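All values below come from the heavy atoms of this structure, side chains included, with hydrogens, waters and symmetry mates left out. It should be emphasised that the depicted structure is a prediction, and the values quoted were computed from it without experimental measurement. A note on names: the letters A, B, ... follow the listed sequences, proteins ahead of strands, and every chain is numbered from 1.
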There are 2 protein chains.
Amino acid sequence: MASVQERPFADALARLKEVGLRPTRQRLALAKLLFDKGDHHTTAEQLHAAARAADVKVSLATVYNTLHQFKDVGILREVVVEPGRSYFDTNTRPHHHFFHEDDVRLIDIPDEAVELSRLPEPPEGAEISRVEVVIRVGARR
Amino acid sequence: MASVQERPFADALARLKEVGLRPTRQRLALAKLLFDKGDHHTTAEQLHAAARAADVKVSLATVYNTLHQFKDVGILREVVVEPGRSYFDTNTRPHHHFFHEDDVRLIDIPDEAVELSRLPEPPEGAEISRVEVVIRVGARR
DNA sequence: GTGTTTGCAAAGTGTTTGCAATTTA
DNA sequence: TAAATTGCAAACACTTTGCAAACAC
């Protein structure tokens, strides 16, 4: 089966309204591309390409802005694993990642597949905002 | 006490010879700045500034090249936590990091302070090269 | 209408590279 | 002296920004 998500009719428009972003043509189109086909990871360039491929006219600048707005309202998560390139993850639930160093690609690890049985105290005056586990993998020699 | 490390008289020259890098004036100076004062994290800019401050003339390009050479021979580790900026860690032993999002700073977590009691199988045909845990922290509200 | 959003092109940041001059072995 | 390294400046990749035109409410 294709992409039945938690919310069966996950509607881009409703989602934008929910988070208080004006549903402009560009934002709607990008939201569709991002959220209508299951969890995945994208870079700005990739999303921009996907938009072009879908005959959606959006400037790269808008793609960047939109990705950050989506991140700011919490419907997207930014993952940094490579110098000079940001990945955005449509899965905002707690989970971790494989980073395949050969084909330069992120793969989700379900939260339950990782168990952190001991964590350090955060530094004085600080509190933990997120724990990220990245497992770097490469082709088996 | 100051910085008595594993190898008491950790000598920059010896270290470079060990890894097969010609001990040039620049590399020696950078190695001293990096390894003579205990484990820490630096960016290229920071190291360049430290060099200037110590009256060592090195170009930024050489700092970048040197950091990567040091990384390639395994005496430095690259840590990516922020888009658009690489940190280099003089601690190459297994360990993890706090990333303080307010003052944009890495803090070492000793390996024993984190216990990963369950790890997923790597994807088909791949093998794990490293497991990185980054605990993002912010000021307590 | 009014405030928001877009797209463009320009600017910005961190990093890499080509190459002649310099240094090291 | 042959090979490696440096520094400069130019090039790069990715990202952000300023601002006038277009759009949403």
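L28(B) places its CG atom 13 Å from the C1' atom of dT5(D), with the value rounded to the nearest Å. Counting to the nearest Å, the P atom of dT6(D) and the CG atom of L60(B) are 14 Å from each other. In this structure, L21(B) places its CG atom 14 Å from C1' of dT6(D), rounding to the nearest Å. Put simply, CG on N65(B) is 15 Å from P on dA4(D), counting in whole angstrom units. With rounding to whole Å, L30(B) atom CG is found 13 Å from dG7(D) atom C1'. Taking atom CG of residue L67(A) and atom P of nucleotide dT15(D), one finds them 9 Å apart after rounding to whole Å. Atom-to-atom, CZ of R27(B) to C1' of dA4(D) comes out at 8 Å; the value is rounded to the nearest Å. The distance from atom OH of Y87(A) to atom C1' of dT15(D) is 15 Å, rounded to the nearest whole Å.
A close approach under 4.0 Å does occur between a side-chain nitrogen or oxygen of H68(A) and OP1 or OP2 of dT16(D).
Where V58(B) and F88(A) meet DNA chain D, the nucleotide closest to each residue was compared, and V58(B) sits on the side nearer the 5' end. Nucleotides of DNA chain C nearest to Q26(B) and A61(A) differ in position, and the one nearer the 5' end is that of A61(A). Residue whose closest nucleotide on DNA chain C sits further toward the 5' end, between A44(B) and K17(B): A44(B).
Not a single donor-acceptor pair under 3.5 Å links the side chain of H40(A) to the backbone N or O of T90(A). A donor-acceptor distance shorter than 3.5 angstrom exists from the side chain of R136(A) to the backbone of V81(A), with no hydrogens or angles considered. With N91(B) contributing its side chain and R93(B) its backbone, the two residues share a donor-acceptor pair below 3.5 Å. The backbone N or O of E115(B) sits less than 3.5 Å from a side-chain atom of S117(A), completing a donor-acceptor pair.
A distance of about 16 Å separates the C1' atoms of dA11(C) and dG7(C), rounded to the whole Å.
Among the heavy atoms of the strands lying under 4.0 Å from S86(A) are primed sugar atoms or P, OP1, OP2 only; no base atom is included. No contact: H48(B) has no heavy atom under 4.0 Å from any strand. Here P23(B) lies in heavy-atom contact (under 4.0 Å) with sugar-phosphate atoms only. At the heavy-atom level, R22(B) lies under 4.0 Å from base atoms of the strands shown.
The nucleotide range of DNA chain C contacted by chain B, defined by atoms under 4.0 angstrom from heavy atoms of the protein and reported 5' to 3', is dG14(C) to dA25(C).
Between H95(B) and H41(B), the ring planes are tilted. Angles from 30° to 60° get that label. Below 30°, between 30° and 60°, or above 60°: for F35(A) and F70(A) the angle between ring planes is between 30° and 60°, a tilted geometry.
Put simply, CG on D89(B) and CG on L106(B) are 7.5 Å apart, with the number rounded to the nearest 0.5 Å. Between the CG atom in L116(B) and the CZ atom in R118(A) there is a gap of 10.5 Å [rounded to 0.5 Å].
Look at dA22(D): its Watson-Crick or wobble partner, with both distances under 3.5 angstrom, is dT4(C).
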